[in-house]
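Just so we're on the same page: letters track the sequence lines, and every chain starts at 1. All values reported here derive from a predicted model rather than from experimental measurement.
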Amino acid sequence: MPELPEVEVVRRGLDAVLPGRTVATVSVLHPRTVRRQPGGSADFVAGLSGRCLGRPARRGKFLWLPLDGEDALVAHLGMSGQFRLDQAAAEPQRHTRVVLGFDDDGPELRFVDQRIFGGLWVSPQGAETPAELAHIAPDLFDPTLDNDQLVARIRARHSGIKRVLLDQGIVSGIGNIYADEALWRARVHYDSPASSLRPARVREVLEAARQVMGEALAQGGTSFDALYVNVNGASGYFSRSLAAYGQAGRACPRCGRSIVREAFANRSSFRCPRCQPRPRVRP
DNA sequence: ACTATATCCTGTATGC
DNA sequence: TGCATACAGGATATAG
């Protein structure tokens with residue numbers, strides 16, 4: 001599942017190949033992929049054709065490519081979205097949803113997405129920051145992030161700490177994997193009320209999230225299967241470094257107790273029962 | 001305003 | 001073997 005490190009790997013892959021190239025052809029193979037485009041496929045094609053791409057930017061899990069002029073192509077990978085750069089003659093991947101061809105001999109850009117939770121759209125005047133992302137908070141690597149203000153916002157929430165970490169309007173880029181890993185590193189239970197954590201504790205959680213995502217990025221991201229790969233189709237290697245996420249029944253790398261899996265908000269949460277005991281104050 | 005949940009989607013794994 | 005069910009979980013609309 002692409003979270004900040006995986007999306008950043010993709011951004012870097014696109015950055016190496018796309019800037020300065022001009023879109024010649026746009027094929028929308030599944031309308032759902034452009035569901036956030038006002039005017040649908042026709043407006044998406046019209047908005048991209050003939051445009052020259054700039055350097056890709058990212059906020060949290062969102063990517064965007066400035067277009068010549070002031071607009072931008074915005075992308076979210078969702079659960080299973082991939083950008084692939086392949087020569088036009090190469091066999092198309094199953095679940096290819098959108099293809100951009102260019103006016104040169106370089107590779108075409110394919111958006112492949114099995115589950116279609118991802119999407120693409122053209123944001124008018126979105127080159128600087130797309131208006132549709134106004135509600136997405138800065139991520140932990142954003143130089144404009146105000147860490148003290150973030151700590152205060154987190155502590156102002158009446159919800160469990162993991163729910164708050166996953167709220168992209170508070171801090172962006174963290175998903176289920178890195179939330180569990182950060183909480184394991186900081187030895188915090190996912191249901192600890194955010195408002196009950198001391199500021200220093202919240203800072204520790206954020207620093208743990210920053211660290212684990214930084215390490216994951218250095219290893220090319222976390223891949224469990226072919227659903228997350230870079231623009232060349234290669235997997236990242238961080239899954240072998242996970243301490244908690246997906247490790248139910250395996251020994252906690254710190255204390256040896258068995259990691260447990262628990263239902264959490266229609267999904268799963270993994271923790272060490274000894275390092276991350278349930279807090280006395282229940283939410 | 002804030003919080004929680006249902007929903008979208010498809011391939012894979014598991015159970016009977 | 002075949003069928004049904006659970007599961008993976010991003011963002012968002014909607015309900016409370």
Please determine if [X] and [Y] form a salt bridge, counting it only when a charged side-chain N lies under 4.0 Å from a carboxylate O.
| X | Y | answer |
| --- | --- | --- |
| A:D68 | A:R51 | yes |
| A:D86 | A:R110 | yes |
| A:E3 | A:K61 | no |
| A:R36 | A:E132 | no |

Return the [atom1] to [atom2] distance between [X] and [Y], rounded to the nearest 0.5 Å.
| X | Y | atom1 | atom2 | value |
| --- | --- | --- | --- | --- |
| A:D139 | A:L4 | CG | CG | 5.0 Å |
| A:I161 | A:S195 | CD1 | OG | 9.5 Å |
| A:Q37 | A:D43 | CD | CG | 6.0 Å |

Interatomic distance, [X] [atom1] vs [N] [atom2] [rounded to whole Å]:
| X | N | atom1 | atom2 | result |
| --- | --- | --- | --- | --- |
| A:I170 | C:dA11 | CD1 | P | 14 Å |
| A:L133 | C:dA11 | CG | P | 11 Å |
| A:N176 | C:dA11 | CG | P | 12 Å |
| A:R115 | B:dT10 | CZ | P | 11 Å |
| A:H76 | B:dC9 | NE2 | C1' | 15 Å |
| A:F264 | B:dT3 | CZ | C1' | 12 Å |

Enumerate the protein-to-nucleotides 12-16 of chain C contacts in which both atoms are nitrogen or oxygen and the separation is below 3.5 Å.
residue	atom	partner	partner atom	Å
C:dT12	OP1	A:R36	NH1	2.6
C:dT12	OP1	A:R36	NH2	3.2
C:dT12	OP2	A:H135	NE2	2.9

Between [X] (side chain only) and [Y] (backbone N and O only), is there a donor and an acceptor less than 3.5 Å apart?
| X | Y | result |
| --- | --- | --- |
| A:Q276 | A:R274 | no |
| A:R203 | A:R201 | no |
| A:R97 | A:F111 | no |

Side chains of A:F44 and A:L73 in contact at under 4.5 Å (non-hydrogen atoms):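 With C-beta onward as the side chain, the pair touches.
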Establish, with yes or no, whether the OP1 or OP2 oxygen of [N] is under 4.0 angstrom from a side-chain nitrogen or oxygen of [X].
| X | N | value |
| --- | --- | --- |
| A:R157 | B:dT3 | yes |
| A:Q114 | B:dG11 | no |
| A:H95 | B:dG11 | yes |

Listed nucleotide nearest any side-chain atom of A:M79, set C:dA8, B:dG11, C:dA11: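 Taking heavy atoms from C-beta onward, the closest nucleotide is C:dA8.
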Pairs under 3.5 Å (N/O, protein and nucleotides 4-8 of chain B):
residue	atom	partner	partner atom	Å
B:dA4	OP2	A:S159	OG	2.6
B:dT5	OP2	A:R163	NH2	3.0

Base, sugar-phosphate, or nothing: which does A:R94 touch, judged by heavy atoms less than 4.0 Å apart?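 Sugar-phosphate, backbone atoms only, no base.
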Protein and nucleotides 4-7 of chain C: nitrogen or oxygen contacts under 3.5 angstrom:
none

